[in-house]
> 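Below is the structure I would like to discuss, written out as structure tokens.
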Amino acid sequence: MAASADLVVRGGTVVTERGQARLDIGIRDGRIVALEDTLPAAEREIDAAGRLVLPGGIDSHCHIEQLSGMGVMNADDFASGSVSAAFGGTTTTISFACQHRGQSLKAVVADYHERAAAKSVIDYAFHMILTDPTDEVLNVELPKLVEDGHGSIKLFTTYPGTKLDDGQMLDVMAKARELGAMICVHAENDAIIQWMVKRLLGGRYTEPRYHAVSHPRFAEIDAIHRLIQMSAFLDQPVTIFHVSTAEGAELVRQARASGLKIYAETCPQYLFFTWESLDRPGLEGAKWMFSPPPRHAADSEALWRALVDGTLQTVTSDHAPYRFDASGKLKAGPSPTFKEIANGIPGLELRLPLLFSEGVSAGRLSIEQFVRLTATEPARLYGLHPRKGDIVQGADADLVLWDARREVVVEDGTTHDATGYTPYAGMTLRGWPETVLRRGEVIVEHGRCLAERGSGTFLPRAAGPYAAPSGRLSPETDPARNFGARILA
Ligand code: URP
Ligand code: ZN
Ligand code: ZN
């Protein structure tokens with residue numbers, strides 16, 4: 001078996017969620033074929049001595065080449081976004097195919113496929129954003145799209161252009177249960193936010209810092225609570241995106257403890273920033289404007305605890321890059337109110353270095369937990385494991401040679417995305433990706449991206465066990481009990 005390797009990654013400390021060991025990795029035709037203390041020489045060799053060898057990161061929440069509900073285009077297309085991801089040690093993205101109202105979901109997904117296939121340098125999949133769940137979309141288009149390997153649906157409870165009401169949420173969740181698809185949700189109560197926005201703008205409180213004020217924490221708490229109830233009502237697994245509050249994490253903890261299939265993520269911005277980040281002169285605070293907004297130091301600490309105890313399964317970037325100019329954040333003109341500024345920050349490239357530095361180097365997380373949060377659990381959650389997110393025989397050889405001692409001072413020019421700024425400028429990070437392999441091909445080495453545009457491939461996803469209903473329906477919805485309408489029959 002070992003003799004058949006055409007590439008050996010030699011002498012590194014291989015880390016999986018299960019532990020770490022000094023091992024050689026044998027690779028053939030892009031897949032891992034051997035893991036041994038010592039493998040015979042191969043045609044090609046990569047010296048990993050002194051380096052950690054980690055599974056390539058999976059960023060399961062990032063916006064690439066997507067038009068926002070406000071009509072602003074992401075700064076990154078699939079070329080710059082995927083190159084930036086690769087430099088940061090991420091070898092798979094799950095970004096979005098975003099339906100705007102009136103559009104055919106089938107046509108939207110086909111369009112994203114075409115653009116990603118032509119440009120992405122890493123492997124990719126899509127969550128389908130549903131904003132217009134018509135009969136045709138739910139009953140004709142969606143079943144075929146799920147069958148074709150798009151096993152997850154993203155819904156919004158807020159933003160005027162994207163939000164679904166409770167009835168629509170239930171419609172989509174019931175359909176997802178039937179199809180075995182995962183539901184992912186941006187959870188904030190829209191009415192509470194709109195109520196705040198109206199009063200703030202009416203009082204001329206228009207600067208970026210009021211963005212944080214306009215999204216009260218109870219808007220998130222209320223929406224998470226409601227989603228957990230809906231999930232229990234229909235027995236439909238739900239992943240709650242970008243949890244920002246201690247109370248939100250606590251609701252997830254309780255739901256999971258009671259056996260519900262609730263999963264959740266947070267993002268580096270909720271671990272690194274507080275609402276004070278937006279409190280800067282002029283429009284500068286817009287560079288830290290994202291939704292939900294950053295909260296308080298105590299929330300960040302609660303989120304770290306939730307990562308350690310398994311309440312939160314993944315750390316994603318929620319990369320939503322907009323340039324700080326008239327093509328992006330300032331599209332509405334030079335003096336916009338906070339409500340006219342696109343929400344989102346870049347994060348694809350620094351996701352792993354940020355979490356490694358503040359998590360592993362600072363002693364909050366073990367390296368095994370880091371791997372689980374950034375690669376293995378996202379792969380499981382979205383039906384990519386064991387092909388992705390792990391270092392085992394048969395898996396794709398997506399590997400990152402990681403220098404745990406390297407310190408980098410982040411500057412606006414450090415990253416390779418097209419945003420033009422990073423909200424993390426000035427921070428010193430300890431631990432950095434050095435060499436990146438995608439399916440056995442070296443795609444980042446010596447500070448250069450070597451991958452060809454369009455060499456990334458689409459990853460069809462069979463719905464995994466995380467997306468499967470538990471079979472524990474509530475009395476109201478259980479057709480076997482014949483209570484009320486047989487809504488799931
Ligand atoms: O501010 C954010 N997160 N923008 C991207 C869209 C979303 O809400 O995920
Ligand atoms: Zn969101
Ligand atoms: Zn997002």
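Basis for what follows: all heavy atoms, side chains included, without hydrogens, waters or symmetry-related copies. Order of appearance sets the numbers: ligands from 1, and atoms from 1 within every ligand. For clarity, every value in this text was computed on a predicted model and none was experimentally measured.
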> Taking only heavy atoms of A320 into account, list the atoms of ligand 1 that are under 4.0 Å away from them.
4 (N), 5 (C)
> Answer with side chain, backbone, both or neither: which part of H63 has a heavy atom less than 4.0 angstrom from an atom of ligand 1?
side chain
> Which is the closest N/O/S atom of D318 when seen from the Zn ion (ligand 3)?
OD1
> Of all the N, O or S atoms in H242, which one sits nearest to the Zn ion (ligand 2)?
NE2
> List every atom of ligand 1 that sits less than 4.0 Å from any heavy atom of H61, numbering the atoms from 1 in the order shown and giving each element.
9 (O)
> Considering only the protein, which heavy-atom contact is closest to atom 3 (N) of ligand 1, and what is its distance?
D318 OD2, 2.6 Å
> Report whether any nitrogen, oxygen or sulfur of H61 sits less than 2.8 Å from the Zn ion (ligand 2) (N, O or S, backbone or side chain).
no
> Quick one: which ligand 1 atoms are inside 4.0 Å of a heavy atom on G344?
1 (O), 2 (C), 4 (N)
> Among the N/O/S atoms of H186, select the one at the shortest distance from the Zn ion (ligand 2) and name it.
ND1
> So, applying ring-ring contact (aromatic ring centres under 6.0 Å, His included) with H186, which one of Y159, F96, F241 is it?
Y159
> Enumerate the atoms of ligand 1 whose separation from the nearest heavy atom of F290 is less than 4.0 angstrom.
1 (O)
> How about F458: does its CZ atom have over 12 heavy atoms from other parts shown lying under 6.0 Å from it?
yes
> Using a 6.0 Å distance limit plus a 45 degree cone around the ring axis, check whether R280 lies over the aromatic ring of W288.
yes
> Counting heavy atoms only, which part of N343 comes closer than 4.0 Å to ligand 1: side chain, backbone, both or neither?
both
> Step through it carefully: locate the ring centre of H242, locate the ring centre of F290, and say whether they are under 6.0 Å apart.
no
> Who's the nearest protein heavy-atom neighbour of atom 1 (O) of ligand 1, and how far?
S291 N, 2.8 Å
> Please name the atom of H63, limited to N, O or S, that comes nearest to the Zn ion (ligand 3).
NE2
> For the atom pair CD1 (I221) and CZ (R217), what is the distance rounded to the nearest 0.5 Å?
5.5 Å
> State whether D123 and R439 are salt-bridged, where the test is any N-O pair (Lys NZ or Arg NE/NH1/NH2 against Asp/Glu carboxylate O) under 4.0 Å.
yes
> Taking the inter-plane angle between the rings of Y421 and F324 on a 0 to 90° scale, is it parallel (under 30°), tilted (30 to 60°) or perpendicular (over 60°)?
perpendicular
> How does Y159 reach ligand 1, if at all, at less than 4.0 Å between non-hydrogen atoms: by side chain, backbone, both, or neither?
side chain
> Taking atom CZ of R204 as the centre, report whether more than 12 heavy atoms of other residues, nucleotides or ligands fall under 6.0 Å from it.
no
> Check for me whether the distance between the ring centres of W432 and F356 falls short of 6.0 Å.
no
